[in-house]
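Data first, discussion second: the structure below is written as structure tokens.
Along the sequence shown, the residues carry numbers beginning at 1. In each ligand, atom 1 is the first atom listed, and ligand 1 is the first ligand listed.
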Amino acid sequence: MLMIPGPTPVPEQALLALARAPIGHRSGDFSKVFADVTAKLQWLHQTQHEVLILTASGTGAMEAGIINFLRRGDRVLVGENGKFGERWGDVCDAYGLQTERVKAPWGHPLDPEVFRERLTADSAKTIKAVIITHSETSTGVLNDLVTINRYVQDHGTALIMVDAVTSMGATSVPMDEWGLDVVASGSQKGYMIPPGLGFVAVGPRAWEAYKTSDLPRYYLDLGKARKDGAKNTTPFTTSVNMVMALQASLSMMQREGLASIFARHHRQQQATRAAVTAMGLGLLAGDHCASPSITAVLPPAGVDAEKVRSHLKKHFDIVVAGGQDQLSGKIFRLGHLGFVADRDILAALAALEATLQQLGHAFPAGAGISAAIAQLGQA
Ligand SMILES: *Cc1c(COP(=O)(O)O)cnc(C)c1O
């Protein structure tokens, strides 16, 4: 049982699509699937603009988003309060951009006021993009994209580029309403299918910048993907079966409805947070900045985070994620993203409760599960 923030559990409907014999990627049958999937992706992104499908992981989608709309030496602000924010700074460096990192300590949200100061001071309009990780998976922090984006819109020139890998499909990211220029995500997270596809949604201001962009690219040239996408095909052989699995998973999502999907993630986030608190554990991210899809937990004094993980795996066959880099050994992370039912949350939290008891951490028996039930019952 995977309770990590990707790969996430995959429903049978998607698995069956993966088991089928592939069809030709240039066939009329596949074009029909591709057109349907594209329309469904626009529904999920709440956009009229292109959502391009890349045969790449989430990093490839984000790299494509960065390198198609900027010029060599462009000044960019990159929010960095965890592992993924760091990665986008590294990508910008690799392509010779003038990268300015706006940092916050891991476990804390980015401060929108720092972005406001930099953007309002930039009367010469030298800042070409602001790059934000919406849900920072390494810490379970949801950054305040709404406020940061408002300052970007006030600036008028800079593009807003968003890593929505663990927020898309978990909380509302209305691309058109917010005026987001680039939104990247990956198949193994909220999409409920295995790793292998990346998605980049691109707005009109970004396509305008594409015309003058001069960074090197070939496979990840989004202009090619856009041109072929308009004909319901892709520049290169796409992962045909993954696209068919995506059709199955997006159909399930449409049946559930956006409001219900977001409410389910919120309810499970609340249940998880209430349960771990009742068990005497700490939360890395505060209530005001909690990710809808991932909860980073601080073990009690004297209990090793890695021991909790290995016990959960060995005795309950439940996989939770560990801490990365500076948080290695200090936290464990519970994923509640994608194809996760309330039943799964109760099972994982009960197993966590048993684990803590077996590792000698004392707390009122049943406290965590009672707190979770109370939250789940509020729906
Ligand atoms: C998983 C993830 C990615 C993408 O990672 P890949 O391994 O390239 O798929 C990017 N950003 C965030 C916030 C993620 O959680």
Side-chain angles (χ1 to χ4, degrees), residues 2-10 45 52-67 78-92 94 101 103-104 106-110 130-145 148 160-171 173 180 182-201 219-220 238-239 242 245-246 249 265 269 284-285 289-296 319-327 331-340:
L2 290 178
M3 295 298 282
I4 57 176
T8 60
V10 178
H45 287 72
L52 306 172
I53 303 172
L54 304 176
T55 311
S57 77
T59 302
M62 196 61 190
E63 178 161 329
I66 292 170
I67 66 176
V78 181
E80 186 190 300
N81 59 335
K83 181 95 183 149
F84 290 97
E86 269 183 10
R87 185 178 294 179
W88 311 138
D90 291 345
V91 172
C92 293
R101 291 163 171 85
K103 296 191 187 195
W106 288 33
H108 292 261
L110 296 168
V130 174
I131 301 169
I132 301 293
T133 303
H134 190 196
S135 165
E136 179 43 86
T137 311
S138 61
T139 62
V141 165
L142 187 73
N143 284 309
D144 185 357
L145 176 59
I148 295 170
I160 176 88
M161 301 184 174
V162 182
D163 168 349
V165 180
T166 52
S167 59
M168 186 60 65
T171 191
V173 188
L180 304 176
V182 174
V183 180
S185 54
S187 58
Q188 79 275 30
K189 306 289 175 91
Y191 292 90
M192 315 193 289
I193 56 174
L197 295 180
F199 311 100
V200 205
Y219 186 70
L220 294 179
T238 189
S239 182
M242 280 290 286
L246 181 60
S249 68
H265 283 84
Q269 175 225 54
L284 184 64
C289 64
S291 164
S293 56
I294 174 88
T295 300
V319 182
V320 304
Q324 295 165 288
D325 293 351
Q326 52 177 274
L327 290 173
I331 58 168
F332 61 89
R333 294 174 298 144
L334 294 167
H336 30 84
L337 175 57
F339 187 55
V340 178

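- The closest side-chain heavy-atom distance from I132 to D163 is not below 4.5 Å.
- Take E80 and apply the salt bridge (Lys or Arg N to Asp or Glu O under 4.0 Å) test, not counting sequence neighbours, and it matches R101, K103.
- Every protein residue with a heavy atom nearer than 4.0 Å to ligand 1 is included here: S57, G58, T59, F84, R87, W88, T133, S135, T137, D163, V165, T166, Q188, K189.
- For the salt bridge (Lys or Arg N to Asp or Glu O under 4.0 Å) test, no residue two or more places apart in sequence or in another chain qualifies with R87.
- Remark: K189 qualifies as a cation-pi partner of F84 under the 6.0 Å distance and 45° angle criteria applied to the six-membered ring.
- For the pair L246/S187, no side-chain contact is recorded, criterion being any heavy-atom separation below 4.5 Å from C-beta on.
- Considering only residues two or more places apart in sequence or on other chains, T238 meets the side-chain hydrogen bond (donor to acceptor under 3.5 Å, both in side chains) condition with T55.
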